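Predicted, not measured: the structure shown is a model, and the values here were computed from it. Computed from heavy atoms alone, side chains included, the values below leave out hydrogens, waters and symmetry copies. FYI, the numbering just counts along the sequence from 1.
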Amino acid sequence: MSLHLDAEALYGELLAGVRGLLEPDAVLVGIWSGGAWLAERLHADLGLPGRPGVISSTLHRDDFGSRGLGSTTDATNLPFSVDGRPIVLIDDVLFTGRTTRAVINELFDFGRPSSVRLAVLVDRGGRQLPIQAAFAAARIALPATQQIALDRDETGRFRFTVRDTQETR
């Protein structure tokens, strides 16, 4: 199967979708790493004040025992109070929902937002938890043996790579 997605065109869709999700005093929080790249660019393109947040799922993952901390550098950085604020979580690809669940747990370690909404570049289906994006720029179906990942070049332009994975479960 050959999949061709224009990440830059989908970014334009995401920008419009996120604009529609913003409430007064809302902040963007990008899920490490692709979501953080998207949140950074969205934040600038939307002309929002301050800086976007970055959040990691590492400490709340349900597979933390087998994965551990490893050598990751994906630390949560929320340069604002989340208490009482509308949060728009940004991610590149929504799949099982497990990363989103872990990120929401991490977010609540920092306070109690008034709302949390999820916007993603691609929803690939395959949910294992009752997690749904408020906005998805694209919805696709991929076999469980394939993975789609967002990458960016040195100029900041986005592109996707699709690769086959070996299922080890």
Side-chain angles (χ1 to χ4, degrees), residues 3 5-62 74-142 147-152 155-160:
L3 177 67
L5 290 174
D6 183 340
E8 282 296 318
L10 290 178
Y11 173 80
E13 295 290 322
L14 182 64
L15 177 63
V18 168
R19 185 177 279 119
L21 294 176
L22 290 178
E23 302 172 42
D25 204 32
V27 291
L28 300 182
V29 177
I31 299 173
W32 183 264
S33 67
W37 299 337
L38 290 165
E40 180 181 280
R41 188 160 152 193
L42 287 164
H43 191 270
D45 289 348
L46 291 166
L48 298 175
R51 295 179 303 143
V54 175
I55 196 158
S56 169
S57 64
T58 301
L59 295 178
H60 292 281
R61 291 188 61 91
D62 56 12
D74 55 338
T76 295
N77 180 9
L78 300 173
F80 41 74
S81 173
V82 301
D83 282 321
R85 305 266 315 252
I87 305 291
V88 179
L89 281 178
I90 307 293
D91 205 2
D92 52 352
V93 179
L94 176 57
F95 183 28
T96 63
R98 292 181 180 283
T99 297
T100 305
R101 189 233 18 112
V103 161
I104 291 170
N105 284 359
E106 174 81 359
L107 185 64
F108 275 78
D109 283 350
F110 288 84
R112 187 168 188 243
S114 63
S115 65
V116 179
R117 300 179 85 187
L118 176 64
V120 300
L121 201 57
V122 173
D123 180 343
R124 64 165 287 173
R127 219 72 75 240
Q128 296 173 353
L129 297 172
I131 303 284
Q132 188 65 34
F135 181 84
R139 296 180 193 284
I140 63 170
L142 280 179
Q147 181 180 34
I148 183 170
L150 185 68
D151 196 7
R152 65 179 176 173
T155 67
R157 292 184 57 81
F158 297 121
R159 65 180 174 267
F160 287 112

Novice: Which atoms form the tightest heavy-atom contact between Val18 and Ala119, and what is the distance?
Specialist: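 Looks like CG2-CB, 3.8 Å.
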Novice: Calculate, to the nearest 0.5 Å, the distance between atoms CD1 and CD1 belonging to Ile55 and Ile31 respectively.
Specialist: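 Reported to 0.5 Å precision, the distance equals 7.5 Å.
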Novice: So, taking the atom named OG in Ser56 and the one named CG in Asn77, what distance separates them when rounded to the nearest 0.5 Å?
Specialist: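 The distance works out to 11.5 Å.
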Novice: Could you tell me which non-hydrogen atom of Ser114 sits nearest to which non-hydrogen atom of Pro86, and how far apart they are?
Specialist: OG-N, 3.2 Å
Novice: Can you check whether Thr100 reaches Val120 side chain to side chain, under 4.5 Å on heavy atoms?
Specialist: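 The answer is no; the side chains never approach within 4.5 Å.
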Novice: Of all heavy-atom pairs between Ser57 and Val103, which one has the smallest distance, and what is that distance?
Specialist: CB-CG2, 3.8 Å
Novice: If we check side-chain contact (heavy atoms from CB on, under 4.5 Å) with Phe160, which of these qualifies: Leu121, Asp151, Asp92?
Specialist: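 So, applying the side-chain contact (heavy atoms from CB on, under 4.5 Å) to Phe160 and each of Leu121, Asp151, Asp92, only Leu121 qualifies.
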Novice: Please report the shortest heavy-atom distance between Glu23 and Ser115, naming the atom on each side.
Specialist: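 Smallest heavy-atom distance, with atoms named: OE2-OG, 3.5 Å.
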Novice: Taking the side chain as C-beta and beyond, is there a heavy-atom pair between Asp123 and Gln132 under 4.5 Å?
Specialist: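 A side-chain contact exists here, since the closest heavy-atom pair is under 4.5 Å.
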Novice: Between Phe110 and Ser81, is any pair of side-chain heavy atoms under 4.5 Å apart?
Specialist: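 Not touching, per the 4.5 Å side-chain cut-off.
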Novice: From Leu89 CG over to Arg117 CZ, what is the distance, rounded to the nearest 0.5 angstrom?
Specialist: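 So the gap between those two atoms works out to 11.5 Å.
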Novice: Does the side chain of Leu15 come within less than 4.5 Å of Leu42's, by heavy atoms?
Specialist: yes
Novice: Do Leu150 and Tyr11 come within less than 4.5 Å of each other through their side chains, counting heavy atoms only?
Specialist: no
Novice: Should Leu5 and Ile148 count as side-chain neighbours, where that means a heavy-atom distance under 4.5 Å?
Specialist: yes
Novice: Tell me if the CZ atom of Arg159 is crowded by more than 12 foreign heavy atoms within 6.0 Å.
Specialist: yes
Novice: Taking all non-hydrogen atoms of both residues, which atom of Gly53 and which atom of Phe80 are closest, and how far apart?
Specialist: N-CE2, 3.6 Å
Novice: First locate atom OG1 of Thr99, then atom CD1 of Ile104, and finally report the distance between them rounded to the nearest 0.5 Å.
Specialist: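 The distance works out to 11.0 Å.
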Novice: Please check: side-chain N/O of Arg127 versus main-chain N/O of Phe95, any donor-acceptor pairing under 3.5 Å?
Specialist: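 Yes: the side chain of Arg127 pairs with the backbone of Phe95.
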Novice: With Leu78, which of Leu107, Val54, Ile87, Val27 fulfils side-chain contact (heavy atoms from CB on, under 4.5 Å)?
Specialist: Leu107
Novice: Under 4.0 Å between a side-chain nitrogen and a carboxylate oxygen: does that hold for Glu8 and Arg41?
Specialist: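 Arg41 and Glu8: salt-bridged.
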Novice: Do Phe158 and Leu38 have side chains that approach each other closer than 4.5 Å (heavy atoms only, starting at C-beta)?
Specialist: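 Phe158 reaches Leu38 side chain to side chain.
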Novice: Between CZ of Arg19 and CG of Leu46, what distance do you get to the nearest 0.5 Å?
Specialist: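 Separation between the atoms: 5.5 Å.
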Novice: Any donor and acceptor pair, going by atom type alone, linking the side chain of Arg85 with main-chain N or O of Asp25 inside 3.5 Å?
Specialist: yes
